[in-house]
Number of protein chains: 2
Amino acid sequence: MTDTIADRVPVLVERGLLADKATEHIRGLITAGRLCPGDRLNEVEIAAELSISRGPVREAVRRFASAGLVVSEPNLGSRVIDIDAAAVRGLYEVREALESMAARLAAERMQSRDKKALLEMLDQHALAMCGSAATDTYPAGSSDWDFHLAVLKGSDNAVAWRICGNELRDMFSLLRARHGRVPGRGKVALQEHRQVAEAILDQDGDLAAVLMSRHIRNSYRNQITLMSAGVPEDRRKEKI
Amino acid sequence: MTDTIADRVPVLVERGLLADKATEHIRGLITAGRLCPGDRLNEVEIAAELSISRGPVREAVRRFASAGLVVSEPNLGSRVIDIDAAAVRGLYEVREALESMAARLAAERMQSRDKKALLEMLDQHALAMCGSAATDTYPAGSSDWDFHLAVLKGSDNAVAWRICGNELRDMFSLLRARHGRVPGRGKVALQEHRQVAEAILDQDGDLAAVLMSRHIRNSYRNQITLMSAGVPEDRRKEKI
DNA sequence: TCCGTTCTTACTGTTGACAGTTAATAAGAT
DNA sequence: ATCTTATTAACTGTCAACAGTAAGAACGGA
């Protein structure tokens with residue numbers, strides 16, 4: 001098959017929805033830490049940055065509002081929520097409930113082929129950790145989430161998948177951007193992941209649920225100690 | 001204070017956002033069973049029904065898309081999802097996970113004043129059941145949800161509240177509209193509610209969680225037997 | 001009759017403009 | 001100087017029109 005114009009000029013076929021483009025843009029602003037709690041999402045400003053109209057931008061903003069990441073007040077606009085201690089607690093509680101359930105169901109429903117893929121994923125994570133300079137943190141990006149999403153997917157529950165994979169994920173991205181990632185827990189987290197994966201492999205749903213529950217609770221404990229240590233100065237938004 | 005024009009002509013001060021108006025309209029279509037799985041949400045049609053523009057209608061439709069109630073394909077529009085057996089299972093699984101957690105937390109965190117209000121609510125439900133003709137079904141409307149929402153609120157978890165109170169609620173409204181409500185479980189459900197409430201009152205979180213989990217599981221079992229009995233003819237959407 | 005092609009239609013995606021509201025700023029009175 | 005009152009500015013909410021796409025209808029050839 002000969003290459004077409006679309007193959008040679010891929011920039012011209014960028015014809016996804018502009019609302020998706022705007023969503024990714026805003027998500028990027030959040031994960032990069034450029035959008036801090038309390039900041040307002042100016043529709044015209046974002047539209048200008050992307051050289052598009054306000055319509056798709058507005059739609060993207062309302063998506064994040066539906067996810068609870070921003071709060072919108074009529075005629076006042078949308079501003080990024082402030083994730084205080086209570087919000088963090090609530091976030092981890094929901095994750096613990098949903099993901100421990102997902103681990104139980106994954107142990108019962110996952111194909112053996114996908115279970116092996118789960119273990120291989122953890123091997124790759126181990127390799128990435130040894131290779132990188134900082135061996136005590138989980139590899140950058142969303143590798144930590146990869147495992148959790150794989151378990152979610154294995155549970156074969158579309159609702160839980162949507163909640164954790166879309167809404168909560170952005171919430172935790174914002175949390176990361178604000179308070180940084182937890183140091184020194186990479187190896188332990190990987191170990192806990194492996195225990196969960198083995199329980200899933202053994203089709204031991206109860207054990208998988210308990211281990212996942214404990215894993216998330218440990219992660220929470222680590223998070224609050226990190227937060228109580230204070231927010232790094234360079235991550236604090238300067239007054240404009 | 002003398003009455004103003006706003007008091008005499010309340011229809012003139014209907015100045016909520018049109019998107020909210022459209023959202024309620026669509027929600028009404030769903031709960032009334034006028035919007036069946038597979039039906040397309042025509043933006044211009046809905047806008048014409050409300051005598052408003054497409055903008056707010058579009059926003060309302062995308063809200064339901066975020067909640068997973070409709071699926072949107074680019075350039076093809078949004079259609080109501082088909083809640084098959086797998087979807088129902090997933091819905092109840094998530095509810096069981098979240099609400100059993102909420103029951104546990106409510107037992108620990110609820111004010112004693114709110115706990116008493118919880119029991120009084122059940123007394124009112126009992127009265128409503130005795131008063132109505134059909135004593136074997138929970139009172140119409142959202143009384144069943146009232147209890148569950150009260151527990152959710154008592155858990156003091158904003159995330160779980162948003163998920164169950166907004167997204168899942170519409171899902172179950174659609175489920176109700178499609179398959180009707182479960183007959184003959186009103187008294188049993190009330191009994192189970194009362195057991196949960198008493199466990200919460202006793203601050204026995206573990207017991208409250210187990211009882212709530214069992215309650216939702218029973219509800220699920222009842223739902224699938226109802227669904228396997230088939231869809232009532234009058235609720236099936238006729239071909240247009 | 002059947003299949004492929006063109007045309008039409010109806011819908012969504014996007015835009016720019018206008019209206020209404022809120023908040024900040026400037027002007028004025030005490 | 002301080003409080004109150006206009007004025008301005010900036011932003012959101014809403015609308016109507018345009019552009020683009022996908023499905024179906026009409027058409028023509030085998």
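The sequence lines fix the lettering, A, B, ..., with proteins before strands; numbering per chain opens at 1.
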Produce the list of close N/O pairs, under 3.5 Å, pairing protein atoms with atoms of nucleotides 14-17 of chain D; give distances to one decimal.
{"from": "D/dT14", "atom 1": "OP1", "to": "B/L18", "atom 2": "N", "distance (Å)": "2.7"}
{"from": "D/dC15", "atom 1": "OP2", "to": "B/S53", "atom 2": "N", "distance (Å)": "2.9"}

How long is the line joining CD of A/E45 and P of D/dA9, in whole Å? 19 Å

Mind checking what makes side chain to side chain contact (heavy atoms under 4.5 Å, CB included) contact with A/E59, not counting sequence neighbours? A/A19, A/R63, B/R58, B/R62

With sequence neighbours excluded, residues passing side-chain hydrogen bond (donor to acceptor under 3.5 Å, both in side chains) with A/Q124: none

For B/A160, enumerate each residue passing the side chain to side chain contact (heavy atoms under 4.5 Å, CB included) test, keeping only those at least two apart in sequence or located in another chain. A/V94, B/M101, B/L152, B/N157

Please enumerate all residues that pass salt bridge (charged side-chain N to carboxylate O under 4.0 Å, His left out) together with A/E99, with sequence neighbours excluded. A/R95

Using a cutoff of under 3.5 Å, can you pull out all pairs of nitrogen or oxygen atoms linking the protein to nucleotides 23-25 of chain C, with atom names and distances?
none

Which pairs with one or both residues in residues 18-50 of chain B pass ring pair (Phe, Tyr, Trp, His ring centres under 6.0 Å), sequence neighbours excluded? none

Positions of residues 62-74 of chain A (non-hydrogen atom under 4.0 Å from DNA chain D), listed by number: A/R62, A/P74

Side chain to side chain contact (heavy atoms under 4.5 Å, CB included) partners for A/R221, two or more places apart: A/R217, A/N218

May I have all residue pairs that pass salt bridge (charged side-chain N to carboxylate O under 4.0 Å, His left out) and include part of residues 44-55 of chain B, sequence neighbours excluded? B/E43-B/R54

I'd like to check B/I30 versus B/V80 (side-chain heavy atoms, cut-off strictly below 4.5 Å). Are they in contact? no

For A/N42 and D/dT12, is the shortest distance between a side-chain N/O and OP1 or OP2 below 4.0 Å? yes

Which residues share a side chain to side chain contact (heavy atoms under 4.5 Å, CB included) with B/E108, sequence neighbours left out: B/R104, B/L105

Applying ring pair (Phe, Tyr, Trp, His ring centres under 6.0 Å) as the test, list every pair that has at least one member in residues 51-95 of chain B; sequence neighbours left out. B/Y92-B/F172, B/Y92-B/Y220

Inspect the contact between B/E93 and B/R89 and indicate whether a charged nitrogen and a carboxylate oxygen are less than 4.0 angstrom apart. yes

Taken to the nearest whole Å, CD/A/E43 to P/C/dG16 is 15 Å

Mind calculating the distance between CG (B/N75) and P (C/dG13) to the nearest angstrom? 6 Å

A/I46 CD1 - D/dT12 C1' separation (whole Å): 13 Å

